Protein chains: 2
Amino acid sequence: MINSELDTTDIEILKLLQRDASLTNKEISFKLHKSIATIHERVKRLKEQGYIQRVVAILNRKKINRSLIAFSQVLLNDHTADTLNTFEQEVIKFDEVMECFQMTGTFDFILRIATSDMEAYHSFYRNKLATLPNITTVQSFFVLSETKSDTAYPL
Amino acid sequence: MINSELDTTDIEILKLLQRDASLTNKEISFKLHKSIATIHERVKRLKEQGYIQRVVAILNRKKINRSLIAFSQVLLNDHTADTLNTFEQEVIKFDEVMECFQMTGTFDFILRIATSDMEAYHSFYRNKLATLPNITTVQSFFVLSETKSDTAYPL
DNA sequence: GTTGAAAGACCTAGTGA
DNA sequence: TCACTAGGTCTTTCAAC
């Protein structure tokens, strides 16, 4: 049991919706041998309680000209609250930055950058990322191939 | 223009559905000042042509006991097709591995690992990841805080 | 917590403009 | 591309178990 608030039915619903959120309540009720009203009630509660944050469409990035994914490791000059906050506030404004995590270890932040190609990445780097204050180093690694990319957590 | 197959309306639809795929065609038609029939036709085509890969529920990982995210950089002994293929085939079987990318640079793969806590990560590392053949080194970095985490590509 | 039923909203395909 | 139609499906609520 993951959480005292969730029973087996809740977990099964989350498993299904993580994989395919276009399933109707009717389809879920059939799979789980419950009534439609029960599924409806559970899904509503799971959304209200914040287990389900949002429902999104996942696009094929190669078809929308976002073929290049980079992971950029950023090291800052210092770690005052002010420096950290400023960096975070500014970096999340860039469209190309899909993710930003503060990390343990030999660098401060890891960014996932999505651009069309290396030229666009270079432009992002020179004209956006490198203009932010207090950056010591940026080390970038590029995705050669995608072996697995999943948004569903194991439950 | 991103792609000759897509016009402004298509792009706007993709932007909206990337953020919130629970929008009805009626709501989208109102936002974009188009008819429901047009939106219906476009969305259907965008799914058929593979622009929209799938629709998923994004869960709050902290509420489902997946609080710890690690990025692990893996270096292999050699880069024969056999070694690469074996590693990829095996590593994607692990539930904890949400993403696996082959990378340019000083290591071969980057993995995104989701576990409940450091103990669970350690168990994953010792009993699963480290048992795979031909691994030279694994360097892991842990997420301290999530500044931005988005599945939507800029369009 | 669960159920079935019922009303209303939405989807979907088709027609014609 | 749009407006309209109509049948079928789904959502949502509610009284009752």
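Small disclaimer: the values here were computed from a predicted structure and weren't measured. Below, chains carry the letters A, B, ... as their sequence lines are ordered, and counting in each starts from 1.
Using modelled atom types, one finds no donor on one side chain facing an acceptor on the other under 3.5 Å when comparing A:Thr131 with A:Tyr125.
Relative orientation of the A:Phe71 and B:Phe101 rings is tilted, given thresholds of 30° and 60° on the angle between their planes.
With B:Asp95 contributing its side chain and A:Pro154 its backbone, the two residues share no donor-acceptor pair below 3.5 Å. Judged purely by atom type and a 3.5 angstrom limit, B:Lys148 uses its side chain to pair as donor or acceptor with the backbone of A:Ile92.
Phosphate contact (OP1/OP2 of C:dC11, side-chain N/O of B:His40, threshold under 4.0 Å): absent.
Nearest-nucleotide positions on DNA chain D for A:Ala37 and B:Lys34 put B:Lys34 closer to the 5' end.
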Output side-chain donor-acceptor pairs under 3.5 Å for residues 30-41 of chain B, partner residues at least two apart or in another chain, one line each.
from	atom 1	to	atom 2	distance (Å)
B:Ser35	OG	B:Thr38	N	3.1
B:Ser35	OG	B:Thr38	OG1	2.8

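Rounded to an integer number of Å, the gap from NZ of A:Lys44 to C1' of D:dT13 is 8 Å. Counting to the nearest Å, the C1' atom of C:dC11 and the CD atom of B:Glu41 are 13 Å from each other. Rounded to whole angstrom, the span from the CD1 atom of A:Ile36 across to the C1' atom of C:dT3 amounts to 11 Å. Across the protein-nucleic acid pair, A:Ile39 atom CD1 and D:dC10 atom P stand 14 Å apart, rounded to whole Å.
Nearest nucleotide to the B:Thr38 side chain, out of C:dG1, D:dC2, D:dT12: D:dC2. Checked against D:dA3, C:dT2, D:dT12, the side chain of B:Ser35 finds its nearest nucleotide in D:dA3.
Ring pair B:Phe107/A:Phe141: centre-to-centre distance below 6.0 Å.
Taking a 4.0 Å limit (strictly below) on heavy-atom distances, residues 12-32 of chain B does not reach DNA chain D anywhere.
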